[in-house]
Structures are given as structure tokens and as C-alpha cells.
Amino acid sequence: MYDLVVVGAGPYGLSIASHAATAGLNLRVFGRPMASWRDHMPRGMLLKSEPWASNLSDPHGRWRLDAYCTEHGLTARHAEPISVEDFAAYGLWFARHALPEVDERQVARVTSGPGGFTAVTEDGETVHARTVALAVGVMPFVEIPQALRGLHHSLVSHSSDHSDLDQFRGRDVTVIGGGQAALETAALLAEQGTRVRVLARADRLVWNDVPPPWERPWWQSVRSPHSGLGPGWRNWFYSERPNLFRRLPEQTRARIATTALGPAGAWWVRNRVEGSVDVLTGHEVAAAHAVSGGLRLEAVSRGGGTRTLETEHVVAATGFRPLCDRLGMLSADLRVTLATLPDGSPEVGREFESSHPGLFLAGLVTASGFGPAMRFVQGAPFTAATLVRGVRRRLRTTPTGGTIPVPGGSRSGSPSPVHG
């Protein structure tokens with residue numbers, strides 16, 4: 001029986017595995033390394049986060065992004081975005097150096113039982129572990145607007161469905177959303193000759209400013225410090241103090257998780273959109289119907305007015321919603337034991353342990369507990385160190401071969417959360 005099975009091999013899963021291996025845990029890691037970055041982002045996209053805020057985490061800090069760039073003749077400078085392709089290659093390099101071999105099979109099912117958990121791979125192998133860390137990224141949580149659900153994938157897709165936009169050359173495409181994914185997708189489409197428009201619910205597009213220089217007068221740094229989530233003390237708090245964020249009142253955390261770092265485009269994509277892409281703000285899709293040659297959209301404005309658009313395809317760049325019931329790889333009887341927050345995401349304790357002892361969660365699914373940093377690579381170092389500490393604590397309190405007790409009773413009918 002393994003001490004830990006890590007499900008997922010993106011930035012969070014690889015970082016957790018590196019810390020666990022260094023701690024001497026007997027572990028298995030499942031998943032195709034950096035799959036979301038390799039398979040679900042179009043070629044030509046750039047990483048919005050600063051290079052210095054995009055490190056995967058090993059305990060000794062040896063396998064940083066800047067080390068990879070130096071070794072491969074690339075640059076990793078402040079305010080100079082790197083490509084998604086280079087970042088994915090960095091993740092593969094990290095996996096080769098910082099942790100044991102990754103099993104690239106997918107885990108199809110995780111169940112609980114005496115002594116821990118059973119993970120079943122896509123080809124039927126069963127693996128037993130005393131603890132499990134789910135670092136499944138964002139793909140289980142794809143969010144499509146209600147009005148677009150049920151339409152054929154030839155008419156409607158999510159922005160994460162595409163590693164290649166060539167199929168849309170010469171066609172008419174409507175991109176739904178006002179964030180980075182929507183705006184950069186629209187820019188890439190326009191640059192390849194697609195007739196493209198952006199339809200956004202917000203009254204106007206928001207653009208991030210060019211970050212201030214790394215070297216600047218001390219008083220400017222005091223007024224607005226750099227952070228992995230952007231300049232300013234509020235962003236610094238979200239970025240550097242997720243442990244304190246977790247102590248905020250639940251209602252405050254929920255509000256911040258929903259509103260902080262809202263939809264915005266990077267400064268370096270603005271001139272690629274303005275003047276090249278039609279933009280319709282203040283509207284959202286109320287209905288969509290398949291018609292000859294594509295689909296007809298009925299867009300409603302905030303004032304109640306309607307507008308009809310016809311397009312050949314819709315790309316919904318509408319983000320991800322980390323609902324507990326979308327953790328489909330968990331067996332139903334395990335998933336029902338998880339206590340949830342009001343927004344539907346699972347509740348986690350101070351060391352990322354869910355309300356089911358021994359089951360740990362990482363990444364986007366923990367943003368309502370630990371803050372906006374968990375939506376970005378920036379959150380991986382804190383998560384990896386803290387979660388592995390929690391795993392070690394759980395292993396010490398659960399004898400090998402013993403039954404991990406599930407606590408009883410909670411406000412929602414699920415077990416009370418364990419907070420370490």
C-alpha cells in the first residue's frame with residue numbers, strides 16, 4: 001500500500017509529488033504531465049503570469065523556471081511573457097528532474113475503504129493508498145452558459161477544447177467572455193483570418209496595466225509592492241498569505257473568490273484586439289438556436305434590449321466552476337461525504353484535507369478556502385509544502401492497515417470537516 005497517490009500531473013500535482021518524494025513518502029503519480037497546457041491551449045498563447053511567479057515547487061528550489069530558461073537559451077524577465085509551449089516544456093523538464101517517474105495513465109475512479117483508498121486506472125489496475133491528493137486542474141470544471149448547453153460541439157465549444165484554431169480559418173466565430181482566455185483567443189483567431197467578435201456581459205472590457213519596473217524607488221515599492229498576482233497590497237495578501245486568507249470569515253472569502261481578479265485582458269493583448277476584433281459589451285446570450293450554416297444567438301442587454309446575431313461557431317471562454325459534484329472520478333459514496341461551501345466547492349482544512357480524512361485537494365477547487373492564488377501557478381508552492389505536511393500528519397495518526405475514521409454530522413448533512 002502506498003502512502004500517497006497523487007492524481008493529476010499539472011503544476012500542482014507535480015509540485016506535490018516533488019515535496020512528497022523528498023519527504024520520503026512511498027507514492028505514485030498518475031496523469032499526463034502538463035496535459036492541460038499541452039492539449040487545451042492554442043499554439044501562440046502566452047502565459048499571463050510573470051515568469052518569476054510561474055515556478056513549480058521542489059523543496060530545495062532547484063528546478064525553477066529561470067533555471068530551465070537558462071539551460072535552454074530562453075529568457076525569463078519581468079514584464080516579458082513566455083509562451084504556453086515553453087511553460088509546458090518547463091513542466092516536463094521539472095517532472096524529469098524533481099520527482100519519480102509519472103504514470104501517464106488516467107485514474108478513472110477513487111473509492112474509500114478500510115485503511116485508505118483504492119484508485120482504479122483507466123485500464124483497470126487497482127492501486128491502494130493510505131492518502132490521496134487530487135490535483136485535477138480545471139478540466140473537470142468547464143463551465144458553459146446555460147443557453148448554449150446541449151448544442152452540438154460543431155456549433156459550440158469551450159475555449160479549453162482547442163489546442164489548434166486552424167479549423168476556424170475563414171469562418172465566422174463569436175467568442176463569449178471578457179477575460180484573458182476570451183480576448184487572447186479572439187486575437188489569435190483574428191490574426192489567422194477568422195471573422196471574429198467578442199460578446200461580453202460586462203459593460204466594458206478591462207485591461208491590466210503594464211507592470212511597474214522591477215527596480216524602482218523604495219517608496220513606490222512600499223506603496224504598491226510586486227506580487228505574483230499583480231502589484232498592490234491586496235494582491236500581495238492574496239498571493240503571499242493564503243494561510244491568513246483562510247482565516248477570513250466564510251462570507252468574505254466567498255465574495256473575494258467570486259470577485260477578485262475578475263475578467264481582464266493582459267496589457268500585451270490589448271493592441272491585438274482593439275481595431276481588429278468586433279466587441280459587443282453589456283450583453284449575454286439568452287438563447288441559441290441551430291440554423292443553416294451555424295447558429296442564431298439572442299443576446300440581451302442589461303437594459304432588457306435584445307439583439308440577434310448569426311455566426312458559424314461559438315467559443316465559450318466562460319471559465320471553470322469548481323463544484324464538488326463535478327469531481328466525477330470520486331465514487332458517489334465518497335463524494336457525498338464531502339462537506340461543501342455555499343458556492344458548491346468542497347471545504348478543506350488548513351492543510352488542504354477535505355472533510356473525508358486522508359483525501360486532500362489542490363488547485364482551483366480550493367480557491368474559496370485559500371484565495372485567488374489557487375487559480376494560478378502562483379499557489380502551487382504554498383499548496384505543495386502545506387499539503388504534504390498534512391499528509392504526513394495524517395499518516396502518523398492512522399496506523400497502517402487501520403481504518404480511517406469518517407467524522408459524523410455537518411450543517412449540510414455531510415461529515416464535519418477535519419481541520420488538521
Side-chain angles (χ1 to χ4, degrees), residues 1-31 33-34 54-64 91 94-103 107 110 112 115-117 119 127-137 228 239-246 338 346-367 369-371 373-374 376-400 404 417-420:
M1 177 177 283
Y2 292 95
D3 293 326
L4 172 67
V5 162
V6 179
V7 180
Y12 281 80
L14 295 176
S15 297
I16 291 165
S18 178
H19 282 254
T22 302
L25 300 185
N26 181 21
L27 82 153
R28 287 284 294 274
V29 187
F30 290 96
M34 304 298 286
S54 302
N55 294 300
L56 279 66
S57 179
D58 65 282
H60 304 299
R62 294 179 59 194
W63 311 113
R64 295 167 52 88
F94 180 94
R96 290 194 300 271
H97 289 89
L99 61 143
E101 183 178 0
V102 177
D103 189 325
V107 169
V110 175
S112 63
F117 302 87
V127 176
H128 303 288
R130 295 169 65 194
T131 63
V132 169
L134 291 188
V136 295
S239 174
E240 305 299 328
R241 295 294 183 268
N243 56 325
L244 297 181
F245 181 93
R246 187 185 163 275
L338 300 184
E347 187 168 4
V348 291
R350 68 186 180 199
E351 293 172 326
F352 293 92
E353 191 171 18
S354 73
S355 58
H356 189 105
L359 178 65
F360 293 79
L361 304 174
L364 174 67
V365 75
T366 68
F370 285 91
M374 303 303 130
F376 302 89
V377 179
Q378 171 69 20
F382 173 82
T383 298
T386 305
L387 186 149
V388 170
R389 185 168 64 245
V391 168
R392 296 177 72 186
R393 186 191 305 274
R394 174 55 61 191
L395 293 174
R396 288 195 300 269
T397 60
T398 307
T400 302
I404 295 180
V418 173
H419 286 187

### Mutual orientation of the aromatic rings belonging to Phe370 and Phe382 [parallel < 30°, tilted 30-60°, perpendicular > 60°]
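Tilted: the ring planes of Phe370 and Phe382 meet at 30° to 60°.
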Enter the distance from [X]:[atom1] to [Y]:[atom2] here, rounded to the nearest 0.5 Å.
{"X": "Arg96", "Y": "Glu101", "atom1": "CZ", "atom2": "CD", "value": "12.5 Å"}
{"X": "Leu4", "Y": "Thr131", "atom1": "CG", "atom2": "OG1", "value": "4.0 Å"}
{"X": "Arg350", "Y": "Asn243", "atom1": "CZ", "atom2": "CG", "value": "11.0 Å"}
{"X": "Glu353", "Y": "Arg389", "atom1": "CD", "atom2": "CZ", "value": "13.0 Å"}
{"X": "Arg246", "Y": "Thr386", "atom1": "CZ", "atom2": "OG1", "value": "11.0 Å"}
{"X": "Leu361", "Y": "Glu347", "atom1": "CG", "atom2": "CD", "value": "11.0 Å"}

### Task
For side-chain contact (heavy atoms from CB on, under 4.5 Å), just list the numbers for Phe117 and Val127, CA-CA rounded to whole Å, side-chain angles, deciding distance to a tenth of an Å, and then say yes or no.
CA-CA 8 Å; Phe117 302 87; Val127 176; over 6 Å; no
#### Entry: Candidate pair Trp63 and Leu56, rule side-chain contact (heavy atoms from CB on, under 4.5 Å), full reasoning
CA-CA 8 Å; Trp63 311 113; Leu56 279 66; over 6 Å; no
### Message
Strictly distance-based, threshold 3.5 Å: is any side-chain N or O of Thr397 a donor or acceptor partner for the main-chain N or O of Arg394?
### Response
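Answer holds: yes.
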Please output the side-chain donor-acceptor pairs of residues 6-21 that fall under 3.5 Å, not counting sequence neighbours, one pair per line with the distance.
residue: Tyr12; atom: OH; partner: Ala373; partner atom: O; Å: 3.4
residue: Tyr12; atom: OH; partner: Met374; partner atom: O; Å: 3.4
residue: Tyr12; atom: OH; partner: Phe376; partner atom: O; Å: 2.7
residue: Ser15; atom: OG; partner: Pro11; partner atom: O; Å: 2.7
residue: Ser15; atom: OG; partner: Ser57; partner atom: N; Å: 2.9
residue: Ser18; atom: OG; partner: Ala98; partner atom: O; Å: 3.1
residue: His19; atom: NE2; partner: Ser57; partner atom: OG; Å: 2.8

Close side-chain approach of [X] to [Y], heavy-atom, < 4.5 Å:
{"X": "Pro381", "Y": "Asn55", "answer": "no"}
{"X": "Phe30", "Y": "Asp103", "answer": "yes"}
{"X": "Leu25", "Y": "Leu395", "answer": "yes"}

### Task
Give a yes or no on whether Arg392 atom CZ has more than 12 heavy-atom contacts from other residues, nucleotides or ligands under 6.0 Å away.
no
### Query
Which pair of non-hydrogen atoms, one from Pro33 and one from Val102, has the smallest distance, and what is that distance?
CG-CG1, 4.1 Å
### Closest non-hydrogen atom pair between Ser239 and Gln378, with its separation
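Closest heavy-atom pair between Ser239 and Gln378: OG-NE2, 2.8 Å.
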#### Entry: Step-by-step side-chain contact (heavy atoms from CB on, under 4.5 Å) determination, Asp58 to His97
CA-CA 10 Å; Asp58 65 282; His97 289 89; over 6 Å; no
### Query
Under the side-chain contact (heavy atoms from CB on, under 4.5 Å) criterion, do Val5 and Val110 qualify, and how do the steps go?
CA-CA 10 Å; Val5 162; Val110 175; over 6 Å; no
